[in-house]
Amino acid sequence: MATNDKYQKIITTIIKAQEEILGPLAKDIANDIPNLDQPDKKTLEDLVKKYADIFGQASVETCKEAARDLLSSFSQDDIPDILK
C-alpha cells in the first residue's frame with residue numbers, strides 16, 4: 001500500500017471515530033484541512049491538532065485509539081508526534 005493510501009486510511013478512520021462523538025461536525029472540521037485528498041504526515045498531524053484545538057486532549061486520545069492498529073505499519077518517523 002502506498003504511503004498516501006496509508007495516511008488516507010488512517011485519516012478516514014479518525015474522522016469516523018470523531019463522527020461517533022461529534023456527529024457531522026467532525027467532517028466539517030476535517031474538510032478545512034488542506035491536502036486532505038492527498039494526505040501525508042503533516043496532513044494527519046494538522047487534522048489531529050485541529051480536533052485537539054477545538055475539543056482538547058480527549059479528542060487526541062480518540063484519534064490515537066482509532067489509529068493505533070493502522071499506525072503499527074508505519075515507521076516511527078512517519079507518525080506525527082501528537083499520535084505517539
- Heavy-atom closest pair (Leu71 atom, Ile79 atom, distance to 0.1 Å) is O-CD1, 3.8 Å

- Message: If I take atom NZ from residue Lys16 and atom CD1 from residue Ile11, how far apart are they, to the nearest 0.5 angstrom?
- Response: 13.5 Å

- Note on the structure: In this structure, NZ of Lys27 is separated from CG of Leu22 (nearest 0.5 Å) by 13.0 Å

- Message: Please find the pair of heavy atoms, one from Gln38 and one from Thr43, that lie closest to each other, and give the distance.
- Response: O-OG1, 4.4 Å

- Message: Ignoring hydrogens and geometry beyond distance, is a side-chain donor-acceptor pair present between Asp78 and Ser75 at under 3.5 Å?
- Response: yes

- Item | Closest heavy-atom pair and its distance - Thr13, Ala66 | CG2-O, 3.3 Å

- Item | Separation of Leu25 CG from Ile54 CD1 (nearest 0.5 Å) | 6.5 Å

- Report yes or no: does Tyr51 contribute a side-chain atom to a donor-acceptor pair with the main-chain N or O of Ala26 at less than 3.5 Å? yes

- Item | Where Ile15 and Leu47 come nearest, the two heavy atoms and their spacing | CG1-CD2, 4.1 Å

- Assess whether side-chain contact (heavy atoms from CB on, under 4.5 Å) is satisfied between Leu70 and Lys6, documenting all intermediate values. CA-CA 8 Å; Leu70 297 170; Lys6 287 181 172 182; over 6 Å; no

- Query: Does a side-chain N-to-carboxylate-O contact under 4.0 Å join Asp81 and Lys84?
  - Reply: yes

- From Gln8 CD over to Leu36 CG, what is the distance, rounded to the nearest 0.5 angstrom? 6.0 Å

- Item | Val60 and Ile82, any side-chain heavy atoms less than 4.5 Å apart | yes

- Query: Quick check: are there more than 12 heavy atoms from other residues, nucleotides or ligands sitting under 6.0 Å from NZ of Lys64?
  - Reply: yes

- Under 3.5 Å: donor-acceptor pair, side chain of Ser59, backbone of Phe55: no

- When rounded to the nearest 0.5 angstrom, what is the spacing between CD1 in Ile29 and CD in Gln18? 7.5 Å

- Can Ser72 and Asp69 be counted as having a side-chain donor-acceptor contact under 3.5 angstrom? no

- Take atom NZ of Lys41 as the centre, draw a 6.0 Å sphere, and report whether it contains more than 12 heavy atoms from other residues, nucleotides or ligands. yes

- Note on the structure: CZ (Arg68) and CD1 (Ile10) are apart, to the nearest 0.5 Å, by 13.0 Å

- Query: Is the shortest distance from a Lys or Arg side-chain nitrogen in Asp46 or Lys42 to a carboxylate oxygen in the other one below 4.0 Å?
  - Reply: yes

